[in-house]
Protein chains: 2
Amino acid sequence: MRADAQRNRDRIVEVARALFRSKGFDAVSMDEVAKGAEVGAGTLYRHFPTKESLYDAVLEAWADRVNAAVDRALTLDGPAREQLLSWLSDYAAMLTEHKGAAARITAALGDPGSPFAAKCQTYLGANQRVIEKLDSALRPGVEAMQISRLVGGVAAVVDNSELPADAAASMLAIVADGLLAS
Amino acid sequence: MRADAQRNRDRIVEVARALFRSKGFDAVSMDEVAKGAEVGAGTLYRHFPTKESLYDAVLEAWADRVNAAVDRALTLDGPAREQLLSWLSDYAAMLTEHKGAAARITAALGDPGSPFAAKCQTYLGANQRVIEKLDSALRPGVEAMQISRLVGGVAAVVDNSELPADAAASMLAIVADGLLAS
DNA sequence: TGCAAAGCGGAGAGAGTCTCCGTATAGTTC
DNA sequence: GAACTATACGGAGACTCTCTCCGCTTTGCA
């Protein structure tokens, strides 16, 4: 990639990250991103052929943080319930960090053609690790996809309705208790 | 209302219901509805000032069916878990009946200014009745809003990803067990 | 039958995503 | 350092969508 192209790409992602974070996916227009990054619309669309692909680039750094959160939760001293709850709330918090991300990523969970497919694999892998570690404490037959969708659903509701942290926590507690063996 | 206006209104709602049900909220354009109902855009917008208000009119008949579903579930013979599950799956099924409805209605749960406010009250009231009836079997302190949001979140995921009924059922079972006292 | 009020409908404003293509520049080769 | 080519730039505008404005038509009452 030519040096000017790389500079422009970096600037676009940086500007887009700030805009998406503060205003949410829908409320940011591509024109706005182009103007903010001081490039033309053509340049923006050459780097990112759709708005979703730009969003994907903005969310790039998340995979590492997801894995770190799993590691942290699973090495906690304490009962399985506490480890599970810690992971679920970290997971939900990461999903709601950017407005609109939770619904979008969760919708892409079963769609290999989505621009978010790589991120979904990370999430599914993280939940798979949780299942393997907590195994016997969990409801028999529970799958990574179910956890991903349940928590994604809760996160999407929290995000959409801009709920406070305690509302999110109480819903996650219900999900966690449902996931634990009864 | 003048007779011609009433006829047009009825035809618009009928056409819109068919389109929304088959294609989902986002994929239907107002132009399409106007053309299908053989009216001009102006006529459509006089009857329904926004696309959401048209959607609301399309969903009008639901309130009765919600209350009927609660009645049916709560008079089932069987343990609380069975009654709860029956209601939750009816509730989720109704929310996913029209593509896009689950997310929209659930997002409006806490917003009195939404065009769906009346429908939300119906849902909250239904869940409140469930809580009062099952009371001692449920997790202490559980609220109608929490149930509405949890099931709405699950329904939105099911709807978005077009999941089969058994995937929905397994997630609702987890939520139900979380809602029951442990 | 005549007339005001109510309703109709389509052109078009405004906003959004995304494309096309003439122009400019980076980086290589002599 | 000059010439050349592949690469990148940028903005006008095509297309689509929601929603408005306003001149024309129809209804229903007196």
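Keep in mind that this is a model prediction, so the values were computed, not measured.
Residue B/V28 is classed as a sugar-phosphate contact, given heavy-atom separations below 4.0 Å to backbone atoms only. Residue contacts for B/A41: at a heavy-atom cut-off of 4.0 Å it reaches a base atom on one of the strands shown.
Of the listed nucleotides (C/dC18, C/dC8, C/dG10), C/dC18 has the atom at the smallest distance from the side chain of A/K51. Ranking C/dC18, C/dG9, C/dG16 by closeness to the B/V39 side chain, first place goes to C/dG9. With C/dC18, D/dA8, C/dA5 as the candidates, the nucleotide lying closest to the side chain of A/R2 is D/dA8.
A straight line from CG of A/D4 to C1' of C/dA24 spans 10 Å, rounded to a whole angstrom. Distance CG (B/L19) to C1' (D/dT18): 16 Å, rounded to an integer number of Å. The CD atom of A/E32 sits 15 Å away from the P atom of C/dC18 (whole-angstrom rounding). For the pair B/R11 CZ and C/dG7 P, the computed distance is 15 Å after rounding to whole Å. With rounding to whole Å, A/L44 atom CG is found 16 Å from C/dC20 atom C1'. B/F48 has its CZ atom 18 Å from the C1' atom of D/dT20, to the nearest Å.
Looking at B/L150 and A/V154, their side chains come closer than 4.5 Å, going by heavy atoms from C-beta outward.
One finds a side-chain N or O of B/N8 lying less than 4.0 angstrom from the OP1 or OP2 phosphate oxygen of C/dC8. An OP1 or OP2 oxygen of D/dC19 is reached within less than 4.0 angstrom by a side-chain nitrogen or oxygen of B/Y45. OP1 and OP2 of D/dA8 both lie 4.0 Å or more from every side-chain N or O belonging to A/T43. An OP1 or OP2 oxygen of C/dC8 is reached within less than 4.0 angstrom by a side-chain nitrogen or oxygen of B/H47.
With the nearest nucleotide of DNA chain D identified for both B/A3 and B/D31, B/D31 has the one nearer the 5' end. Take the nearest nucleotide of DNA chain D for B/R7 and for B/F25: the residue whose nucleotide is more 5' is B/F25.
Ion pairing between B/D26 and B/K99 fails under the 4.0 Å rule for side-chain N and carboxylate O.
The aromatic rings of A/Y55 and A/H98 sit perpendicular, their planes meeting at an angle over 60°, well past the 30° parallel limit.
Residue side chain A/R46 does not reach the base of D/dA8 through any donor-acceptor N/O pair under 3.5 Å, judged by distance alone.
The number of heavy atoms from other shown groups lying within 6.0 Å of CD (A/Q6) is above 12.
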- Please lay out, stage by stage, how A/L134 and A/L180 fare under the test side-chain contact (heavy atoms from CB on, under 4.5 Å). CA-CA 9 Å; A/L134 299 184; A/L180 292 164; 5.7 Å; no
